[in-house]
Amino acid sequence: MSAEMVAPAWMHTQISAEQYDSWSEEQCAGIEIVDGMVVVSPSASKRHSRLARILANALDAAAGPDWNADTGFDVRLQDVPLTNRRPDVVVYRAETIDVTPTRPEHVLLVVEVVSPGSETTDRLVKAEQYARSGIPFYWRVEQAATGVPIAYTYVLDPAAKAYRDGEMFTGEIKAAAPFSVTVDLGAV
């Protein structure tokens with residue numbers, strides 16, 4: 001085995017919030033931390049990234065001045081053991097744009113665009129983690145056999161710390177209060 005194929009030692013040990021916070025942006029890119037352990041994900045496809053960007057742009061335009069929608073950053077779900085997830089789209093309070101790390105109380109909605117290989121994680125594991133942390137809304141976007149995206153929406157039941165089913169949309173996404181958004185997904 002060549003030296004390039006050996007994983008760094010930090011990938012085999014539990015990472016604390018303090019250690020993670022000391023890493024550079026380059027070290028944090030492309031990884032999530034789950035229960036203190038590094039989880040490396042392959043780069044997203046162009047189709048996946050484009051859909052996430054289109055959704056983020058539409059949500060940002062609809063959100064008004066109190067909310068921002070962006071891609072590509074961590075949400076700190078818990079400190080011990082450290083769990084940082086990097087949703088495909090995050091709608092968060094505009095006033096927290098410079099607050100690091102982004103915490104669940106800053107977040108209104110997370111969106112995961114399902115890719116081959118991430119189905120179980122996006123459908124079950126992440127949904128459970130987001131609900132336990134108190135994020136009010138979760139959307140899961142999947143590609144139908146026809147190629148048209150399908151968006152499954154979920155609303156948090158705070159008492160149960162679990163999501164209940166919302167609406168399902170194909171080709172177009174509409175969100176209810178506190179803002180409204182329509183996205184033509186069929187054109188993606």
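Along the sequence shown, residues carry numbers from 1.
Every residue meeting the side chain to side chain contact (heavy atoms under 4.5 Å, CB included) condition with Gln19, not counting sequence neighbours, appears here in chain and number order: Ile15, Ser16. In this view, Tyr154 and Tyr138 satisfy the ring pair (Phe, Tyr, Trp, His ring centres under 6.0 Å) rule, not counting sequence neighbours. When the side chain to side chain contact (heavy atoms under 4.5 Å, CB included) test is applied to Ser43, no partner is found at least two apart in sequence or on another chain. Here Glu25 pairs with nothing under the side chain to side chain donor-acceptor pair (under 3.5 Å) rule; sequence neighbours left out. Shown here are the side chain to side chain contact (heavy atoms under 4.5 Å, CB included) partners of Asn68, two or more places apart in sequence or in another chain: Asp60, Asp70, Tyr92, Ala94, Ile97. In this structure Glu105 satisfies the salt bridge (charged side-chain N to carboxylate O under 4.0 Å, His left out) test with no other residue, sequence neighbours excluded. Residues passing the salt bridge (charged side-chain N to carboxylate O under 4.0 Å, His left out) test with Arg76, sequence neighbours excluded: Asp21, Asp79. With sequence neighbours left out, the side chain to side chain contact (heavy atoms under 4.5 Å, CB included) criterion links Asp35 to Gln78, Pro81, Thr83. Take Tyr20 and apply the side chain to side chain donor-acceptor pair (under 3.5 Å) test, not counting sequence neighbours, and it matches Asp74.
Here CD1 of Ile31 is found 7.5 Å from CZ of Arg86. Values are rounded to the nearest 0.5 Å. From Asp165, atom CG reaches atom OH of Tyr152 across 10.5 Å, with rounding to the nearest 0.5 Å. Expressed to the nearest 0.5 Å, how far CD1 of Ile135 lies from OH of Tyr163 amounts to 5.5 Å.
Inter-residue side-chain proximity for Val125 and Arg85 is flagged as met; some heavy-atom pair is nearer than 4.5 Å.
Residue pairs meeting the salt bridge (Lys or Arg N to Asp or Glu O under 4.0 Å) criterion with at least one partner in residues 115-130, sequence neighbours excluded, are Glu32-Lys126, Glu112-Lys126, Asp122-Lys126, Arg123-Glu142, Glu128-Arg132. Residue pairs meeting the salt bridge (Lys or Arg N to Asp or Glu O under 4.0 Å) criterion with at least one member in residues 90-100, sequence neighbours excluded, do not occur.
Under a 4.5 Å side-chain heavy-atom criterion applied to ILVMFWY residues, the cluster that includes Val39 comprises Val34 as well.
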Arg103 vs Thr96, side chain to side chain contact (heavy atoms under 4.5 Å, CB included): CA-CA, chis, key distance, verdict: CA-CA 9 Å; Arg103 301 221 177 246; Thr96 66; over 6 Å; no
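Leu108 is connected to Leu55 through a chain of hydrophobic side-chain contacts under 4.5 Å among Ile, Leu, Val, Met, Phe, Trp and Tyr, so both are in one cluster.
Looking at Thr121, its side chain never comes within 3.5 Å of a backbone N or O of Ser118 through a donor-acceptor pair.
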